[in-house]
Amino acid sequence: MFGASGGHLLEGETTVELLGVFSTGVLSDDGRVLSPVGPPTNILFRAVQSGQARIEVLRGDPWQGRLQSQQIEIVVTA
């Protein structure tokens with residue numbers, strides 16, 4: 001998990017899987033959103049098997065167009 005507003009899996013689709021980009025929020029007991037949802041705050045990847053992958057993590061406000069990009073090399077071992 002990375003604190004980020006977006007990202008991509010660039011290489012290694014058989015090694016790492018992008019599970020999604022998520023926003024922080026507060027839910028009621030019946031599932032209603034109680035606090036406003038803002039921009040995405042986390043991106044989650046899952047290691048699937050041994051190998052290498054490369055991801056791109058985007059930080060910043062996606063609506064203002066001020067994103068910083070960082071590529072990360074990942075090595076998964078059993």
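No experiment lies behind these values; they were computed from the predicted model shown.
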Shortest non-hydrogen contact between Ile43 and Ala4, atoms and distance:
CG2-CB, 3.8 Å

Using a side-chain heavy atom cutoff under 4.5 Å and only I, L, V, M, F, W and Y, what cluster partners does Leu19 have?
Met1, Phe22, Leu44

Is any side-chain heavy atom of Val16 less than 4.5 Å from a side-chain heavy atom of Val76?
yes

Tell me, do Val57 and Ile72 make a side-chain contact under 4.5 Å, heavy atoms counted?
yes

Which pair of non-hydrogen atoms, one from Pro40 and one from Val21, has the smallest distance, and what is that distance?
CB-CG1, 3.3 Å

Got a second to check how far Leu18's CG is from Glu56's CD, nearest 0.5 Å?
12.0 Å

Kindly compute the distance separating CG (Leu58) from CZ (Phe2), expressed to the nearest 0.5 Å.
12.0 Å

Enter the distance from Ile55:CD1 to Leu10:CG here, rounded to the nearest 0.5 Å.
8.5 Å

Any side-chain heavy atom of Val33 sitting closer than 4.5 Å to one from Leu27?
yes

Decide if atom CG of Asp29 counts as having more than 12 heavy atoms of other residues, nucleotides or ligands within a radius under 6.0 Å.
no

Pairs where residues 40-50 contributes a residue and the test salt bridge (charged side-chain N to carboxylate O under 4.0 Å, His left out) is met, not counting sequence neighbours
Glu17-Arg46

For Thr41 and Thr24, does a side-chain donor sit closer than 3.5 Å to a side-chain acceptor?
yes

Verify the neighbour count for atom CD of Gln52: are there more than 12 heavy atoms of other residues, nucleotides or ligands below 6.0 Å?
no

For the side chain of Ser5 and the backbone of Gly60, is there at least one donor-acceptor N/O pair under 3.5 Å apart?
yes

Does Gly3 offer a backbone N or O that forms a donor-acceptor pair with the side chain of Arg59 under 3.5 Å?
yes

Output for pair (Glu11 CD, Glu73 CD), nearest 0.5 Å, gives 7.0 Å

